[in-house]
Visitor: 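Before we start, here is the structure in question, set down as structure tokens.
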Amino acid sequence: MNDSSSPRPVVVDVWCELQCPDCRTALDDVRALRERYGHRLELRLRHFPLEKHKHAFAAAQAAEEAAEQGRGWEYTEAVLARVGELTARGEQVLVETAGELGLDAEEFDTALIDGRHILAVDADQAEGKAIGVTGTPTYVVGGERLDGGRSQDGLRGRIEEIVDRLLSEEA
């Protein structure tokens, strides 16, 4: 709980796809932002599975299950580290990764079968399309959309500029 003396964290929506090599590369930026800002920044994983990646939709559902089990970002990073393996071997990699992280892998398997997270993934994807997300990674911070799918050069610096400005306005 935030008390009135601590400012609300700045929210950065990270539109991501777990079979996307560019999203794997962008993890360095995500980690650096987390390290620099700590609790002053809330990084929210938003799903934008691309049709060209056949396991991306299942991976987004699995990430939702990981979040439900309290390890969303850790799971996301672990799956992104295995993009090539996910592409080659498919959904079994999602369940294996859950087990390796000590999550309830059986529950992941069940969640992928029963589709309990489909609506959450669909809602993210629809919102992304509505605000102009066309590829991943894309960041939205302070109402500004930054497309990392085209180029990640200078992107973290631009995010930091916006976050610093928003934090100083909040203070």
Side-chain angles (χ1 to χ4, degrees), residues 1-50 53 56-57 59-83 86 94 97-98 100-103 117 119-171:
M1 287 184 11
N2 280 345
D3 61 61
S4 57
S5 65
S6 64
R8 289 188 325 266
V10 172
V11 174
V12 177
D13 282 331
V14 182
W15 298 87
C16 184
E17 195 243 60
L18 273 66
Q19 202 178 342
C20 169
D22 289 336
C23 289
R24 180 182 57 208
T25 303
L27 277 179
D28 289 339
D29 288 339
V30 168
R31 288 184 190 112
L33 290 166
R34 194 181 292 133
E35 191 172 300
R36 176 174 175 173
Y37 295 104
H39 68 278
R40 297 177 301 154
L41 188 69
E42 180 186 345
L43 291 162
R44 290 194 312 200
L45 177 65
R46 306 299 300 272
H47 303 291
F48 201 78
L50 302 169
H53 294 137
F57 196 83
Q61 292 176 71
E64 281 294 304
E65 181 59 32
E68 203 166 274
Q69 293 188 29
R71 311 267 293 279
W73 272 109
E74 186 180 356
Y75 180 81
T76 296
E77 291 184 26
V79 171
L80 282 169
R82 299 169 79 169
V83 164
L86 177 59
L94 302 172
T97 302
E100 289 163 11
L101 292 174
L103 296 166
H117 301 295
L119 290 177
V121 175
D122 282 347
D124 271 4
Q125 194 167 37
E127 184 180 334
K129 286 178 181 173
I131 63 169
V133 174
T134 56
T136 57
T138 296
Y139 305 86
V140 176
V141 57
E144 192 168 335
R145 190 180 72 244
L146 304 166
D147 185 352
R150 291 197 184 130
S151 170
Q152 293 181 49
D153 292 339
L155 196 60
R156 184 169 75 210
R158 183 70 189 115
I159 293 169
E160 288 173 347
E161 285 173 23
I162 297 168
V163 170
D164 288 343
R165 184 188 77 231
L166 292 171
L167 287 171
S168 69
E169 290 171 3
E170 187 79 25

Visitor: Under 4.0 Å between a Lys/Arg side-chain N and an Asp/Glu carboxylate O for Arg165 and Glu169?
Guide: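 Yes.
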Visitor: Only counting residues at least two apart or in another chain, list the ones meeting ring pair (Phe, Tyr, Trp, His ring centres under 6.0 Å) with Tyr139.
Guide: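 For Tyr139 there are no ring pair (Phe, Tyr, Trp, His ring centres under 6.0 Å) partners, ignoring immediate neighbours.
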Visitor: Quick check: closest heavy atoms across Ala62 and Tyr75, and the distance to 0.1 Å?
Guide: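 Answer, listing the atom of Ala62 first, then Tyr75: CB-OH, 3.4 Å.
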Visitor: Check Val12 against Val141 and note the closest heavy-atom contact, atom names and distance.
Guide: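 Between these two residues, the closest heavy atoms are CG2-CG2, 3.8 Å.
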Visitor: Between Ile162 and Leu146, is any pair of side-chain heavy atoms under 4.5 Å apart?
Guide: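 Answer yes - side chains close enough.
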Visitor: Check step by step if salt bridge (charged side-chain N to carboxylate O under 4.0 Å, His left out) holds for Asp164 and Arg36.
Guide: CA-CA 11 Å; Asp164 288 343; Arg36 176 174 175 173; 2.9 Å; yes
Visitor: Less than 4.0 angstrom from a charged side-chain N to a carboxylate O is my criterion; do Arg82 and Glu100 meet it?
Guide: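 Yes, Arg82 and Glu100 are salt-bridged.
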Visitor: Determine whether Ile159 and Tyr37 make a side-chain contact, defined as any pair of heavy atoms from C-beta on separated by less than 4.5 Å.
Guide: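 Contact flag for Ile159/Tyr37 side chains = no.
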Visitor: Only one of Arg156, Arg158, Arg34 clears salt bridge (Lys or Arg N to Asp or Glu O under 4.0 Å) with Asp29; which?
Guide: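 Checked Arg156, Arg158, Arg34 against Asp29; only one passes salt bridge (Lys or Arg N to Asp or Glu O under 4.0 Å): Arg156.
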Visitor: What verdict does the side-chain contact (heavy atoms from CB on, under 4.5 Å) test give for Arg40 and Val10, after you've listed the backbone C-alpha separation in whole Å, the side-chain angles of each residue and the deciding distance to 0.1 Å?
Guide: CA-CA 6 Å; Arg40 297 177 301 154; Val10 172; over 6 Å; no
Visitor: Just by distance, with hydrogens left out, do Glu65 and Gln61 show a side-chain donor and acceptor under 3.5 Å apart?
Guide: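 Note: Glu65 and Gln61 side chains miss the donor-acceptor criterion.
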Visitor: Under the rule for side-chain contact (heavy atoms from CB on, under 4.5 Å), what residues qualify as partners of Arg71, not counting sequence neighbours?
Guide: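 In terms of side-chain contact (heavy atoms from CB on, under 4.5 Å), with neighbours along the sequence ignored, Arg71 is linked to Glu74, Leu101, Leu103.
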Visitor: Quick one: list whatever passes side-chain hydrogen bond (donor to acceptor under 3.5 Å, both in side chains) with Glu127, sequence neighbours left out.
Guide: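 With sequence neighbours excluded, Glu127 shows a side-chain hydrogen bond (donor to acceptor under 3.5 Å, both in side chains) to Arg46, given in chain and number order.
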Visitor: Kindly compute the distance separating CG (Leu86) from CG (Leu80), expressed to the nearest 0.5 Å.
Guide: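 Leu86 CG to Leu80 CG: 9.0 Å, rounded to 0.5 Å.
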Visitor: Taking the side chain as everything from C-beta on, heavy atoms only, tell me whether Leu45 gets closer than 4.5 Å to Leu43.
Guide: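 They are not in side-chain contact.
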Visitor: In the structure I gave you, are the side-chain heavy atoms of Cys23 and Pro137 within less than 4.5 Å of one another anywhere?
Guide: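 Sidechains of Pro137 and Cys23: in contact.
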Visitor: Are Asp22 and Thr136 side-chain neighbours, meaning at least one heavy-atom pair lies under 4.5 Å?
Guide: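 Result no, sub-4.5 Å side-chain heavy-atom pair not found.
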Visitor: Does the side chain of Asp28 come within less than 4.5 Å of Thr25's, by heavy atoms?
Guide: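 No, every pair of side-chain atoms sits at 4.5 Å or beyond.
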Visitor: At what distance, to the nearest 0.5 angstrom, does NE2 of His47 lie from CG of Leu18?
Guide: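 The CG atom of Leu18 is 7.5 Å from NE2 of His47, to the nearest 0.5 Å.
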Visitor: Could you check if a side-chain atom of Pro49 sits within less than 4.5 angstrom of a side-chain atom of Gln125, using non-hydrogen atoms only?
Guide: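 Heavy-atom side-chain distance check passes, below 4.5 Å.
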Visitor: Can you give me the closest heavy-atom contact between Gly135 and Leu50, atom names plus distance?
Guide: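 What the structure gives for the nearest pair is CA-CD2, 4.5 Å.
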Visitor: Identify the two heavy atoms, one from Ala81 and one from Arg24, that lie closest to each other, and give their separation to 0.1 Å.
Guide: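 Heavy-atom minimum between the residues: CA-CD, 4.2 Å.
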Visitor: Nearest 0.5 Å, please: how far is CG in Leu94 from CD in Gln19?
Guide: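 One gets 9.0 Å once the value is rounded to the nearest 0.5 Å.
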Visitor: Give the minimum heavy-atom separation between Trp15 and Asp124, together with the two atoms involved.
Guide: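 Between these two residues, the closest heavy atoms are CZ3-O, 2.9 Å.
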Visitor: Taking atom CZ as the centre, does Arg145 end up with more than 12 heavy-atom neighbours from other residues, nucleotides or ligands that are less than 6.0 angstrom away?
Guide: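 No, the 6.0 Å shell around CZ holds no more than 12 heavy atoms from other groups.
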Visitor: Just how far is it from atom CD of Glu64 to atom OG1 of Thr76, taken to the nearest 0.5 Å?
Guide: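 Those atoms lie 9.0 Å apart.
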